[in-house]
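Presented below is the structure to which this report refers.
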Amino acid sequence: MKEKINYILILFASIATYGQVNLSLKPDKIDYESGEVINLTIILELNGDELVQQSRLQLPDLSKFNMVGSASFKDGVLLPESNTSLSQSITRIALEPKQKGKIKIGSVLVTVNNKIYKTEPFDIFIKDVEKKVPTKSTASNEVYLNMDIENRDVYEYQPTIAILRGYSRNIDNLRKVKNINLPEQDRLDVHTVNFNKSEIDPSGISNMPTQVLAVFMVFPNEAGYVEVPSVSASVSTYSNNSKIVSNKVKLNVKKLPEDAPEGFKNAVGKFKIDVYTTTNEKIEAKKPVNITVKISGEGNMTTMHLPEIEKSEDYEIFAPKIVNTILPGNTGLKGDIFANYIIIPNKAGILNVKTEDFSFFDPENGKYVNLGPQSLSLNSLTEEQLNASMTTVEKMNDYTNDFLETVDSPVLKTTAFKVKEKRKFHWNTLMINIAILISLIIIFLLFRKWQKNKRLLIEATRSKSLGSVAETEAQIRETLKTDISDYFSYLNNLRQEENFDSFFATISEMDAEVRSEYFNGATGSFSSFIENYKGRAVAEEYEALQQRIQIEKYSPVRSAQSLNDLYNDIVKLYPRISK
């Protein structure tokens, strides 16, 4: 008898304990129409100080729905009549069904004091109703627009494809849709894929002809519930020009995970990075070098932050020129982005050019990928080391290149001749070639005569004994002196005509002429000669000017103001260093 009484007491105690935990799952209604949002409410009540929730709410399988949004609220009070605490947790979930018909929603589970509580499953019904055409034009009353985004559950900065379709009972009205304006909002970026109209499908919604009018990508830049605004267009007819708008689409933008690497900024997709130099020539100190940072992959390539080259005392760096070859892909924008830098080594030796840390978030795998910094080693040489390391063939090629850059030869500019099959002999061509050959022979003979007269003049000058050796050398230098004022007027014309190649080639020719005045029978660097003849200040000014000339010569972008300043500095300096 005593055992029966204990069993009854234990049974009543378990019933009382069970009554202290209340878990429920309720929808706002049972019957829904297609496209209507389903709101589920989960309520968990714990009545008692000794009750401890040991697990989170475990939701049922919701793979047949799109998660539109969720929110939760928790509160607790102390009941004075029983001196016990009552805590209540309310969770709201907004779902969008992926299919029609009868859908079963399972149980919600929670563990309290080592005991599992669950709700009862139930069914909801999605009515198979006819899809309504979005907002229609009030003026024409015949053309409609519909914006469709298939993937509405995305991460921040993850692109998703949006398709704009037009509907009309009259096929001819679809051809009159023009001036499509894509949506604009602060929380998202829009990139056009194309405005190519597809073939008209006569069997659209309710047998209404339809046509794809535009395809674009949407890049949400904030987490939360983001609404894509309507797309507007105009329908041009003979009588009027009416405006039509599409429907709005809501996106559930998920926040990126918290464990982001230090180098992550906003790159979402799949990428790789490479750093290289665009030339195989040897690098000289104080001379510009082209460095390219290449980003390849697919994702938010137009909105991502590119990794920059880190600053260093070993080199001077200039702002890059950005070039991209980007095309729409399956999951984002796909292609390559090139950041073309110009750096100038400040010293000779091994230089380590390194970029910033770069990482991206892979939405397919749901994790971050850290590529780290990328580096490029450069061996910078002095002018003496560069000349010593050059082979005889390289020196000959370098001399030939300098000659081609500084000497304007019409013959050398004739780079290609196309040989065609001739059915008859052209006497005009033969006579022109003979005339050119005779002209060249005459020019050669005149040049030989001038050279002979010059040699006789020099020998006659040497044979005179009217002064000392120094005076004779001074007379010869005066005879060979370069009139650089002629170069200035020519440079000014080239600058105004924006003939940059000839402009810099003329500067090189003028510099070579001035150098020849000092290096006639002498050895050593040109800067040292200027320092000996004109002083250290003039030598440093010459080195700085040469560096600016090289920067402007190889710069991908030139401005008129910078070339004007460069021309003025050349006009000021070269008359001071010319003998």
I'd like to know if the side chain of Arg165 and the backbone of Tyr144 have a donor-acceptor N/O pair within less than 3.5 Å. no

**Asked** Is a side-chain N or O of Asn266 found less than 3.5 angstrom from the main chain of His305, in a donor-acceptor match?
**Response** yes

Next on the checklist: With a sphere of 6.0 Å drawn around NZ of Lys250, does it hold more than 12 non-hydrogen atoms of other residues, nucleotides or ligands?
Outcome noted: no

- Item | Sidechain-backbone polar pair: Thr355 side chain, Glu308 backbone, donor-acceptor under 3.5 Å | no

Just checking, any donor-acceptor pair under 3.5 angstrom between side chains of Tyr157 and Asp189? no

Pair Arg536-Glu531, side-chain contact (heavy atoms from CB on, under 4.5 Å): steps then yes or no: CA-CA 5 Å; Arg536 180 59 184 169; Glu531 184 176 356; 3.2 Å; yes

Closest heavy-atom pair, Asn179 versus Ser234, reported as atoms and distance to 0.1 Å, is ND2-OG, 3.1 Å

### Task
Could you check if a side-chain atom of Leu566 sits within less than 4.5 angstrom of a side-chain atom of Leu545, using non-hydrogen atoms only?
yes

Any donor-acceptor pair under 3.5 Å from Asn300 side chain to Val268 backbone
yes

Rounded to the nearest 0.5 Å, the CG atom of Asn324 sits from the CD1 atom of Ile337 at a distance of 6.0 Å

Between the CD atom in Glu356 and the CG atom in Leu306, the distance rounded to the nearest 0.5 Å is 10.0 Å

**Report entry** 4.5 Å side-chain heavy-atom contact, Glu513 and Tyr487
**Finding:** yes

In this structure, CE of Met301 is separated from CG of Leu333 (nearest 0.5 Å) by 8.0 Å

Residue pairs meeting salt bridge (charged side-chain N to carboxylate O under 4.0 Å, His left out), one or both in residues 560-572, sequence neighbours left out, come to Arg548-Asp569

Nearest heavy-atom contact between Gly332 and Met217 is O-CE, 3.2 Å

Where the side chain of Ser296 meets the backbone of Asp336, is there a donor-acceptor pair that is under 3.5 Å apart?
no

| request: For Asn568 and Asn564, indicate whether the former's side chain and the latter's backbone hold a donor-acceptor pair under 3.5 Å. | output: yes

When every non-hydrogen atom of Val514 is compared with those of Tyr574, the smallest separation belongs to CG2-CD2, 3.9 Å

Discussion item. Show, in sequence, the C-alpha distance, side-chain angles and deciding distance for Phe488 and Tyr567, and conclude whether the side-chain contact (heavy atoms from CB on, under 4.5 Å) test is met.
Written reply: CA-CA 8 Å; Phe488 295 157; Tyr567 171 77; 4.1 Å; yes

- Message: Using side-chain heavy atoms (C-beta onward) and a distance below 4.5 Å, is Val154 in contact with Lys254?
- Response: no

| message | Counting C-beta onward and ignoring hydrogens, is there a side-chain heavy-atom pair between Ile291 and Leu378 closer than 4.5 Å? | response | yes

Between Val253 and Pro220 the two heavy atoms that sit nearest each other are CG2-CB, 3.6 Å

Taken to the nearest 0.5 Å, the spacing of Thr303 OG1 from Leu188 CG works out to 11.5 Å

(request) Would you check, one step at a time, whether the test side-chain contact (heavy atoms from CB on, under 4.5 Å) holds for Leu376 with Leu351? (result) CA-CA 8 Å; Leu376 176 67; Leu351 305 178; over 6 Å; no

*Do Leu164 and Leu182 come within less than 4.5 Å of each other through their side chains, counting heavy atoms only?*
no

Hits for salt bridge (Lys or Arg N to Asp or Glu O under 4.0 Å) against Glu227, two or more places apart or cross-chain, chain-then-number order -> none

- Query: Within 45° of the axis and under 6.0 Å from the centre of the six-membered ring of Phe338, does NZ or CZ of Lys294 qualify?
  - Reply: no

> Are any side-chain N or O atoms of Ser55 and backbone N or O atoms of Thr111, one a donor and one an acceptor, separated by less than 3.5 Å?
Replying inline: yes

Which of Gln550, Gln547, Lys287 passes side chain to side chain contact (heavy atoms under 4.5 Å, CB included) with Ile344? Answer is Gln547

Step through the shown structure and confirm whether more than 12 heavy atoms of other residues, nucleotides or ligands are within 6.0 Å of NZ on Lys178. no

Leu256 and Phe361 have their tightest heavy-atom pair at CD2-CD2, 3.6 Å

Q. Should the heavy atoms of other residues, nucleotides or ligands under 6.0 Å from CG of Asn194 be counted, would the total exceed 12?
A. yes

Heavy atoms of Leu213 and Leu145 approach each other most closely as CD1-CD2, 3.6 Å

For residues 365-375, the side-chain hydrogen bond (donor to acceptor under 3.5 Å, both in side chains) pairs (sequence neighbours left out) are Asp362-Asn365

Taken to the nearest 0.5 Å, the spacing of Phe503 CZ from Ile570 CD1 works out to 5.0 Å

Residues passing the salt bridge (Lys or Arg N to Asp or Glu O under 4.0 Å) test with Lys197, sequence neighbours excluded, are none

Lys347 meets the salt bridge (Lys or Arg N to Asp or Glu O under 4.0 Å) criterion, sequence neighbours left out, with Asp314

For Lys334, does the NZ atom sit with more than 12 other heavy atoms under 6.0 Å from it, leaving out its own atoms?
no

Taking the side chain as every heavy atom from C-beta outward, state whether Phe360 and Met304 have any atom pair closer than 4.5 Å. no

Validation row: Tyr315, Val289 side chains within 4.5 angstrom (heavy atoms)
no

Applying side-chain contact (heavy atoms from CB on, under 4.5 Å), run through Asn66 and Arg152 and close with a yes or a no.
CA-CA 8 Å; Asn66 287 325; Arg152 304 184 185 183; 5.7 Å; no

Sorted by chain and residue number, the side chain to side chain donor-acceptor pair (under 3.5 Å) partners of Glu364 (sequence neighbours excluded) come out as Lys270

Counting N and O atoms only, with roles assigned by atom type, does the side chain of Thr506 sit under 3.5 Å from a partner on the main chain of Leu491, one being a donor and the other an acceptor? no

CD (Glu497) and OG (Ser502) are apart, to the nearest 0.5 Å, by 9.0 Å

- Under a 4.5 Å cut-off applied to non-hydrogen side-chain atoms, are Asn346 and Glu316 in contact? yes

